[in-house]
Amino acid sequence: MKVIKIGGSSLKGKKNILDILDLIAERGRGNIIVVSAFGGITDLLIDGMGEALVDEAAISSIIGLLRNKHILVARHTIPAGKQYQRYTRDMNEQLGRLERLYYGLNFTRETTPKMTDVISSFGERLSADLLTCALRSRGLQVTCRMPHKIGLITDGKFGDATANLSKTAQNFQKHLSPLISEGMIVVMPGFFGVSETGDITTFGRGGCDYSAAVVAAAMGAEILEVWKDVPGYMSADPKFVPEAQLIAVLSYDEAAELSYFGAKILHPRTVEPLRKMRIDIAVKSTMNPDAPGSLISSRPFKAHHLIRSVAHDTDIAILKVHASGVGARPGILALVSGTLTDSGINIKSVVTSQTCISFLLSRKDIERGYQALQDLKPRPYRKLSKVKDVALVGIVGPAILRRKGIAARCFSAVAARDINIEMSSFGPSQVALYLIIRQKDIQNAVEAIHTTFFPGS
Ligand code: ASP
Ligand code: MG
């Protein structure tokens, strides 16, 4: 049995959705299909909260917009008849519930993490229902199961939940195994589960990948297939390096490192539930479903190159906290990072020395982060500074820490092009080396390192 995950970017536009339906019809029998919301819908739901909060009148237009978007897809994928009627009835029921939630928000004048999670889960509910009806209208044996009704149990942390795998496995074996053995196609919305006290909890933005991994682990699937609109992992961004190659196989750790960079093929936590059970992940292109794509595997494999990918991230800024004796002062790191986290800022990475802690943040967060630390009383540091025009190169591969000279080759390649390295991090991860350089040098640096390790490609 396979678990197949279909992302929001593949579920956008009538043609793509029809293609996906053909693919499921062809390959879905006896498998579980975990789906995202249609492209853009989760953003709409979340932005709608802000509008509903300040203006009651906005609510009916948000609901109207969601209705139109789904009806448009339904008209193109479900012929008039029983299944179409069933979908519109279900959709109206869901939208009715959603509308009441928005009114509740407007009435209480506050958005809570709990409310945000419930509201943002509606995109997946609507898309799963629609795909189910569309597949049924083709005469297929399909059923839809909602994760909160069949016990995808979470730890209850809103916006960033973790699944309880053993409880979920027990529930799923009971509810899903009989359907699978009958050869049914089971469609399930990703992105959320339910806490033991009955609250809807999401796995964070992009969390359908993680959901699908939880389902695969809970069911002991033979593989998790992630269907995407890209061919798989690449050895560099082809926009920077036209000779970039498809990566055929990579390890869990390499995939987890690469999930933080530009291509963002998988949610960073996707490998977590699968690791222990050694379930592989195949990243496959919906445009070319027979192509092998990239395989993320627990089994050792022989690599053709010393490194797998030269990835990059241009959404980086550094917040530097200068303080003496960082290593000798208990609690300073916790205090400063705790303050950032409490201000809702995601810390991408931290690099420290005895005199400075450097936080890598997303650019949009840098001013807010700076202010939050400015406001700390008493100040636990001597000086704060921010650096904005930087970018990060991530060199990821199995041999990074094991083989001598890899870091030296990266440094030399960059130096040969007269690019200065502002900062680096080497050692914390077995499989990654980070270099921070000026933003203007990014393409040049990625190219230089890529040609070093993939000569003549
Ligand atoms: N629909 C959710 C999001 O856009 C989850 C996902 O697509 O993975 O973040
Ligand atoms: Mg999405």
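First listed ligand is number 1; within each ligand, the first listed atom is number 1. For this chain, numbers begin at 1 and follow the sequence in order.
Across every non-hydrogen atom of Val35 and Glu124, the tightest pair is O-CG, 3.4 Å.
Both cation-pi conditions hold for Arg125 and Phe192: the charged atom is under 6.0 angstrom from the six-membered ring centre and inside a 45 degree cone around its axis.
In this structure, Gly7 has no heavy atom closer than 4.0 Å to ligand 1. Residue-ligand proximity: Gly206 is placed with a non-hydrogen atom under 4.0 Å from ligand 1.
The distance from ligand 1 to the heavy atoms of Ser36 drops below 4.0 Å at these ligand atoms: 6 (C), 7 (O), 8 (O).
Side-chain atoms of Gln94 and Asp90 include no donor-acceptor pair closer than 3.5 Å. Side chains of Asp117 and Thr201: no donor on one and acceptor on the other come within 3.5 Å. A donor-acceptor contact closer than 3.5 angstrom is absent between the side chains of Arg308 and Ser251.
The option with the heavy atom closest to atom 5 (C) of ligand 1, from among Lys5, Arg205, Glu124, His267, is Glu124.
Looking at ligand 1, you won't find any N or O of Gly204 less than 3.5 Å from one of its N or O atoms.
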